Amino acid sequence: MKEKVFIFVALPYANGPLHLGHIAGAYLPYDAFRRFMILTGREVVSASGSDEHGTPITIKAMQEGISPKEIATKFHNVNSDIFKRMNIEFNAFIETSSDLHKMVVKDFITKLIDKGYIYEGNMIQPFCPHDNMFLPDRYVKGKCPKCGYENARGDQCENCGATLEPSELINPVCILDGYTPEFRETKHLFFKLSSFQEDMEKFISERKYWRDNVLKYSRNFISQGLKDRPITRDLDWGVDIPFPGYERKKIYVWFEALIGYITGTVQALNDYNGALEHWKDKKIRHYYFMGKDNIPFHSIIWPAMLMAEGEYTLPYYVAANEYLNFQGEKFSKSGGVGISMPKLLESYNSEYIRFGVFYNLPEGHDSDFSLEEFQNKVNSELIDKFGNFVNRALILSFKKGKINRDQIAQSQRDTEAEKFMRDSLKSIINNMENVNIREAFKVWLELARYSNIYITERKPWEACKKDDANCLASIYTSMKIVFTLAVSGQIFLPETSRKLLSWLGYNEPVMLHEDLDYPVAHVLQKPEKLFEKIMSKSLNVSLKVARVMDVMDHPNAEKLYLLDLDLGEEKRRIISGIKDSYTRDALVNKKIVIVSNLKPAVIRGEKSNGMLLAAEEDGKVHLVLAPEEAIPGSEIKIGDYNIINEEISIEEFKRHEIVTYEKDGDIIPALHENNSFIPLTINGKNLTIDGKVSKGIRIK
RNA sequence: AGCGGGGUGGGGUAGCCAGGAAAUCCCGACGGGCUCAUAACCCGUAGACCGGUGGUUCAAAUCCACUCCCCGCUACCA
């Protein structure tokens, strides 16, 4: 009978599209592990879903004038699509606003109430009379009573680090509308987490095989003493509470989202009672994947909830990853750092993205993702090393025709290569078994590198001219390695592996085990290229031509202008500090160049949607100008860069050094990179600089 | 302020928890080889006193103490 395994991933919050950090931190490692479990013969049930309730979604909905459900559904669909395109698969991907989930939660909580782990208590909560709602602690800000910092949040002061209650703040205000909140007493249900102090200590001490980061966080969390936690909130978007007197409240999201794992199991098996029976089956191992911020919820709180429930199986493994940063900074949608998955998928093949993430998996510690390194690694390691070896072997084998195992006698070098291959395979399996996905991946890649050396040393192309024995043995051994790479590669690069296997005549997934059998080397059709190299480099800087329509003085700033710009289809207003160098009349109708994908900024009370390019020398500003015939709104070309047009922060823009550069006697703007200068052009013509400037001046 | 991560050849990294001969891999530089292969592949050379100081040890990039930098989190977000 097949071993059963449950694999879960933290539910993504449905208030925005996932970015690469989420994918690397949880979903892709999960997907590799799930594929591995299936390929090694386990019967897998896996689940995740959209976490759709909670205040942030209701607020976003209010701001956009639509219902919370619409927001949730929108991002549920966006994220489902991302998973599909990334080949990240689930047996069930639920929505927490579904009837099924509400039913599961209700049953779960009822059981906890019956067993006495839920009690009623009162707490003082800030209430905004203007919005007519209770506010989460962090939605209140005011002066810190400890250090006097003006912008302290209701839960903690960022300046001195003090943990606060919203009611302690001096002059508290609601961050949504600035009104002063009232403090009202409100009753809530509490989960008796405190009664699991000893059980949790024991639970954690029994899980020495977990990763260090998880153990550290968990021990730290427990040692501070487990406190009871409220599990209800004064909200109208969430799961109802099956308890009299709570008709106008909902379950707090953290409590309810965790129960989504049970909902997911029910949905995957399509059998309510059957799924719950499986949850009671202690022989089934439960694996959880998540980012590090989610550790205590999965290593402490959820296990405690399960202990309270009494019958369900506790987590076997909690795999938390660290963070993937983007070019040195944390991914942040709102801060304009990083690229969203939809954009990334527009530019790159999902297999490349998977490769790039596995290569840099933030398993033991934070790691960094930069587009440049990503392309470099895809080109040099995936395509040059792996792709090329596979291609060499396939072509040799295709030309030679079918080779049967009985036909060959391996040389010592062949046996040595085969041993290396076997050891690699064992190591991949072993590492995957212990959820060391990064290491497993490295071993897989190392096998490809080794194999290039092997095939170069054996020179089948030469051997085949002399004697058949060496020719056949070396080709057959090479193909054995290709087969091994393809089979084990199904974990990481499913499409590439599927393609490879089909060329070898395997049209179904091939199960993974230490004694892979490959009796006949036979390449059915002339092999195609597995990969195309990433040729164009990407740059997330969108520069556009803009015609100045009107110029006004900034109402609250002496040195600033407001410029109304014509960008073809679009009109924009930007703010610029060029009053000392340009009069209003000198500006009107000029064709200037702006950074169009900058995150809008508010400067002295006026909103600026972009920034113009100019060089400043000796206090005088020189505008970057587009040729007279340039069409407003058209995009500037920067060498052969592929321009990604995604909102960026000013800091990120400033990393790109645009300078004045002398070419054929003219001073023109160019991007300075790796000691070379790439001119900015439009329709093949260089941009110009207004007035006389020296070369090498920074443009900003 | 608290918590977390990091400082290793020109750039990016592995190794550190379980200390041990020549510190890994990719890019880049230089020289050579090969031609089955996707301007690939293979070999070789130069280049790192492993942030600093002190300690433990026969032995430290690796353990301990102190110290100096960097970055992230403590806003909705892994």
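Numbers restart at 1 for each chain; the letters A, B, ... are given by sequence-line order, proteins then strands. Note that this is a predicted model, so its numbers are computed, not measured.
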*Please work out if A/Phe389 contacts a base, only the sugar-phosphate, or nothing of the nucleic acid, heavy-atom cut-off 4.0 Å.*
nothing
*Roughly, in whole Å, what's the span from NZ in A/Lys459 to C1' in B/rC42?*
8 Å
*Using a 4.0 Å heavy-atom cut-off across all strands, classify A/His22 as base, sugar-phosphate, or nothing.*
base
*asked:* I need the CZ-P distance between A/Arg219 and B/rG4, as an integer number of Å.
replied: 13 Å
*Start at the 5' end of RNA chain B and walk down; is the nucleotide closest to A/Ile453 or to A/Ile395 reached first?*
A/Ile395
_Without decimals, in angstroms, what is the distance between A/Arg458 CZ and B/rC34 C1'?_
17 Å
*What's the CD-P distance between A/Glu381 and B/rU13, to the nearest Å?*
14 Å
*Please check if any side-chain donor atom of A/Thr477 sits under 3.5 Å from a side-chain acceptor atom of A/Gln410, or the reverse.*
yes
_Whole-Å P distance, B/rG10 and B/rA46_ = 15 Å
*Counting side-chain heavy atoms from C-beta on, which of B/rG4, B/rU38, B/rC26 comes nearest to A/Tyr217?*
B/rG4
*Which word best sums up how the rings of A/Phe331 and A/His19 line up, parallel for under 30°, tilted for 30 to 60°, or perpendicular for over 60°?*
parallel
*asked:* If you only use heavy atoms from C-beta on, which nucleotide in B/rA37, B/rC42, B/rA14 is closest to the side chain of A/Arg438?
replied: B/rA14
*asked:* In whole Å, I'd like the distance from the CG atom of A/Leu324 to the P atom of B/rG72.
replied: 14 Å
*Quick one: does NZ or CZ of A/Lys442 land under 6.0 Å from the six-membered ring centre of A/Tyr359, within 45 degrees of the ring axis?*
yes
*Can you tell me how far C1' of B/rG2 sits from NZ of A/Lys216, to the nearest Å?*
15 Å
*On a whole-Å scale, what distance lies between the C1' atoms belonging to B/rU24 and B/rC68?*
28 Å
*Could you tell me how the ring of A/Phe289 sits relative to the ring of A/Phe33: parallel (under 30°), tilted (30 to 60°) or perpendicular (over 60°)?*
tilted
*Looking only at atom C1', what distance separates B/rG72 and B/rG31, rounded to whole Å?*
44 Å
*Report which part of the nucleic acid A/Lys399 touches: base, sugar-phosphate, or nothing (heavy-atom distance under 4.0 Å, all strands).*
sugar-phosphate
*If the P atom of B/rA29 is compared with that of B/rC66, how far apart are they to the nearest Å?*
45 Å
*asked:* Suppose you measure atom P in B/rA59 against the same atom in B/rC71; what distance do you get, rounded to whole Å?
replied: 38 Å
_Do A/Lys292 and A/Tyr323 form a cation-pi contact, if we require the NZ or CZ to be under 6.0 Å from the six-membered ring centre and within 45 degrees of the ring's axis?_
yes
*asked:* If I pick the C1' atom on B/rC3 and the same atom on B/rU8, what distance separates them, to the nearest angstrom?
replied: 26 Å
*Both distances under 3.5 Å, Watson-Crick or G-U wobble: report the partner of B/rG72, or none.*
B/rC3
*Gap between atoms CG and P, on A/Leu396 and B/rA40 respectively (whole Å)*: 19 Å
_Interatomic distance, A/Tyr352 OH vs B/rU38 P [rounded to whole Å]_ = 15 Å
*With sequence neighbours excluded, give me every side chain to side chain donor-acceptor pair (under 3.5 Å) pair touching residues 382-397 of chain A.*
A/Asp384-A/Lys533, A/Arg392-A/Asn452, A/Arg392-A/Thr456
*Take atom C1' in B/rA40 and the same atom in B/rC76, then report the distance between them in whole Å.*
47 Å
*For B/rC17 and B/rG12, measure between their C1' atoms and round to the nearest Å.*
24 Å
